[in-house]
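Structure first, commentary second.
Below, read A as the first sequence line, B as the second, and so on, with proteins coming before strands; counting in each chain starts at 1. Everything quoted here is computed from the prediction, not taken from an experiment. No hydrogens, no waters, no symmetry mates; every other heavy atom, side chains included, goes into these values.
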Amino acid sequence: MSLETAAAAGTPSRPSDEKLLERAARGDVDAFDELLTPRLDRLFRMAIAITRSEADARDAVQDASVLAWRQLPGLRDRGRFDAWLSKIVVNACRGILRRQRRVRRHESEMDPTDQAEAENRAFAVPADADSLGETQAIQRAFERLDPTSRSLIILHYVEGRPLAEIARVLGSPVGTVKWRLSNARRVLDRALEVERR
Amino acid sequence: MNTYDSDRLIRAALTPASTVQAPPELGDEIYRALLETPQRRSGLWPIAPRRAPAMAALWVLLIVSVLATGLLFAIGALQPRPTPPPDVVGMYHGGPQRTGAMPGPGPIGPIEIGWSVPRTGPIPFNIMPVVAGDSVFVGDGNGTLSALDVQTGELRWEVTIGSSVTASPLYADGLVVAGTQEGMIVALDAATGTERWRFDAGSRAGASLAAADGTLFAGTDDGIVFALDIATGTRQWQLTAAGPLTRGPAIDDGRLYVGVAGGRISAVDLATHEVLWAAELGPGELATPAVSGGTVYTATGLAELDAPHELVALNTADGSRRWEFTAPSHEPLFVSAVDDQMVYAGSEDFNVYAIDAATGTLRWTFETGGIVGSLASLVDDVVYVPSADRFVYALDTATGAELWRIAVEGEPTIPVVIGGRVVVGTSLGMVTAIVGSEEP
């Protein structure tokens with residue numbers, strides 16, 4: 001229900017994010033929950049894009065939510081709440097990936113059917129065989145990247161964030177972001193080239 | 001296929017389906033976790049008073065102090081005075097040589113968490129707390145520099161110096177200095193947190209700070225190394241490195257060793273500012289160098305997936321290669337710690353490798369549950385290793401045998417080992433002191 005419709009119907013409208021942030025920063029858990037709930041799907045999709053695992057994405061979003069709650073009173077610029085929250089989620093994803101080997105052990109242990117099913121739920125599968133091969137080549141190459149490079153690729157190509165914002169999210173300089181993004185992109189391009197031969 | 005088509009393919013391959021939603025029970029799970037988590041607030045932990053006490057209290061304090069001092073003098077005059085252990089770990093990785101050597105002693109007896117307090121933001125693994133006397137100083141990802149009581153974790157002061165602290169803080173001569181995302185080098189009075197000076201380095205100061213002989217060295221992402229008078233922040237000189245400084249330089253015997261993104265390491269004479277030698281070590285970033293026994297150690301190919309990942313030992317005299325070591329997994333390595341016998345290398349393959357410092361031969365391997373990317377610390381025959389699996393490990397340096405491990409909240413930074421404690425910051429914004437049940 002939009003704010004306008006709610007107002008017309010005489011029902012209480014949802015408080016603004018600004019009001020909710022103010023209350024949440026003073027310890028109101030329900031206010032923080034109201035802030036978080038409409039954002040959960042977006043944060044989960046970002047986390048699953050970086051980690052490529054539903055279970056890891058879930059852990060990352062939960063860890064990030066708790067950390068954001070704990071540190072919210074220290075957030076100086078409340079206008080940047082969404083960017084700040086995204087930063088915490090990205091770093092939670094990186095933390096989880098740093099506890100996993102590059103080619104995850106569980107992939108060799110999982111039933112291939114289960115694995116394919118899990119991936120298909122999260123990632124759309126192209127209809128034609130050529131595109132499927134290229135898609136899988138990109139995904140395999142992506143999973144070889146280090147956690148920071150994976151975050152860079154997702155923030156740039158999937159989330160469409162500008163380089164300056166990516167630099168702030170990762171706590172890196174813009175120059176380093178450009179350089180590492182270019183390196184990561186080379187890895188994906190090489191995978192595509194090999195697939196097309 | 002043109003770039004646009006490749007971009008489109010990458011986006012399509014890596015974008016989750018629009019139907020993907022957070023699991024319905026996730027919101028409830030988070031809510032329950034929030035109910036059990038206190039928020040961090042200024043003043044939740046007491047802050048030491050800064051106001052001058054009332055005059056009457058001052059007189060009482062003065063009289064008691066004089067009496068106590070006289071008594072202690074009388075007692076002390078009858079007993080031999082032991083040399084107090086060093087009470088400062090003022091620099092990233094323990095000192096300008098970046099070997100990880102710490103004064104210790106480490107904790108003795110059954111190990112436990114002494115105290116653990118939250119800061120205003122995450123403490124990334126490249127930001128190490130520093131300790132001076134009875135204070136711990138720590139910078140965090142929210143741009144705050146804080147002073148805590150080393151015995152209790154009680155907050156003494158906290159000051160916002162930028163949007164994020166990006167260069168690991170340094171303590172020297174009563175000052176705490178740190179670098180920020182905005183390129184500021186800021187010096188605060190260690191006792192009060194009052195700003196003493198600041199220097200605009202022009203670009204993000206991301207390299208850990210180093211100091212020697214009253215001079216502070218700060219490296220930036222523009223590839224500039226500034227030499228500043230540590231007392232005043234005045235620029236003394238600067239040099240332009242061959243690329244961005246993503247990690248701090250090492251200093252030993254009048255020389256600065258600096259590695260840059262792109263794989264070049266150089267030795268610079270601090271008196272003449274002359275580049276004495278440079279070695280090209282291949283593509284990618286170089287690990288923070290460490291200097292010991294006429295050798296400078298670094299690791300190659302970081303952040304470069306298909307480059308060789310080697311730990312290399314170079315002669316400090318001319319940069320010639322003595323040996324190199326590659327992990328069996330060929331995964332990236334870091335120079336975790338160096339003593340006169342061994343080089344300890346952490347790896348992205350979860351292992352710690354102990355390598356003979358003279359020959360480059362592998363002596364032992366210890367496996368953790370996560371990337372060993374944060375550097376380690378050394379006290380006597382114990383190496384303290386932080387891992388991304390959120391444990392701090394203590395290992396016997398000779399054999400790699402595990403002496404103990406303890407879980408912390410978040411990925412730990414370089415451990416600071418001093419006064420019977422191991423102090424770490426963590427990726428979840430905690431500062432934690434690990435202690436033993438026995439007095440050191």
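Between chain B and the residues A/Leu75, A/Val174, A/Asp30, A/Ile50, the most heavy-atom pairs under 4.5 angstrom are made by A/Asp30. When each of B/Ala388, B/Ser164, B/Gly373, B/Gly370 is scored by its heavy-atom pairs under 4.5 Å with chain A, the top score falls to B/Ala388. Of the listed residues (A/Ile88, A/Leu43, A/Val66, A/Asp63), the one with the most heavy-atom contacts under 4.5 Å to chain B is A/Val66. Ranking B/Gly121, B/Pro283, B/Gly143, B/Gly369 against chain A, the residue ahead of the rest is B/Gly121, based on heavy-atom pairs under 4.5 Å. Between chain B and the residues A/Thr176, A/Asn183, A/Leu188, A/Leu72, the most heavy-atom pairs under 4.5 angstrom are made by A/Asn183.
A/Leu36 touches chain B through its side chain: at least one heavy atom from C-beta onward sits under 4.5 Å away, while N, CA, C and O do not. Proximity to chain A (any heavy atom under 4.5 Å) is shown, for B/Pro124, by neither the backbone nor the side chain. Contacts between A/Asn91 and chain B at a heavy-atom distance below 4.5 Å are absent for every atom of the residue. Interface remark: B/Thr160 contributes side-chain atoms only to the contact with chain A (heavy atom separation under 4.5 Å). Only the side chain of B/Gln181 comes within contact range of chain A, with heavy atoms under 4.5 Å apart. With a 4.5 Å cut-off on non-hydrogen atoms, A/Arg42 does not touch chain B at all. Of the two parts of B/Glu409, only the side chain, counted from C-beta on, holds a non-hydrogen atom closer than 4.5 Å to a non-hydrogen atom of chain A. Using a 4.5 Å cut-off between heavy atoms, B/Glu36 does not touch chain A at all.
Within residues 151-166 of chain A, the residues having any heavy atom less than 4.5 Å from a heavy atom of chain B are, in residue-number order, A/Ile153, A/Ile154, A/Tyr157, A/Val158.
With B/Phe350 as the aromatic partner, A/Arg99 does not meet the cation-pi criteria of under 6.0 angstrom to the ring centre and within 45 degrees of the ring axis.
Judged by distance alone, the side chain of A/Asp146 and the main-chain N or O of B/Ala303 form no donor-acceptor pair under 3.5 Å. The main-chain N or O of A/Asp41 is never found under 3.5 Å from a side-chain atom of B/Gln21 such that the two would form a donor-acceptor pair. Judged purely by atom type and a 3.5 angstrom limit, A/Arg70 has no side-chain atom pairing as donor or acceptor with the backbone of B/Thr37.
Smallest separation of non-hydrogen atoms from A/Arg76 and B/Thr144: NH1-OG1, 4.1 Å. Minimum heavy-atom separation, B/Gly27 to A/Leu40: CA-CD1, 3.8 Å. Among all heavy-atom pairs drawn from A/Gln62 and B/Ala33, the shortest one is NE2-CB, 4.0 Å. Taking both residues in full, the closest heavy atoms of A/Ala25 and B/Gln39 are given as O-OE1, 3.5 Å, listed atom of the first, atom of the second, then distance. Shown here for A/Leu67 and B/Ser427, the closest heavy-atom pair between the two residues is CD2-O, 4.4 Å. When all heavy atoms are compared, the tightest approach of B/Leu34 to A/Ser65 is CD2-O, 3.9 Å.
At least one side-chain heavy atom of B/Glu304 sits less than 4.5 Å from a side-chain heavy atom of A/Trp179. In this structure, B/Pro122 and A/Gln71 have side chains that are in contact, with non-hydrogen atoms separated by less than 4.5 Å. In this structure, the side chains of B/Ser163 and A/Arg168 stay at 4.5 Å or more apart for every pair of heavy atoms. With a 4.5 Å cut-off on side-chain heavy atoms, B/Pro16 and A/Phe44 do not count as touching. Looking only at side-chain heavy atoms (C-beta outward), A/Arg45 and B/Ser18 stay at 4.5 Å or farther from each other.
Other residues, nucleotides and ligands place more than 12 heavy atoms under 6.0 Å from the CD atom of B/Glu29.
Here A/Trp69 contributes atom CH2 and B/Ile30 contributes atom CD1; the two are 13.5 Å apart, rounded to the nearest 0.5 Å. We find the CD-CG distance between A/Glu195 and B/Leu9 to be 10.5 Å, quoted to the nearest 0.5 Å. Distance check: B/Ile10 CD1 to A/Glu134 CD gives 11.0 Å after rounding to the nearest 0.5 Å. Rounding to the nearest 0.5 angstrom, the gap separating the CZ atom in A/Arg98 from the OG atom in B/Ser387 is 8.5 Å.
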**OP:** Begin from the C-alpha positions of B/Glu411 and A/Arg94 and carry the test side-chain contact (heavy atoms from CB on, under 4.5 Å) through to its verdict.
**Re:** CA-CA 11 Å; B/Glu411 181 173 345; A/Arg94 286 162 80 197; over 6 Å; no
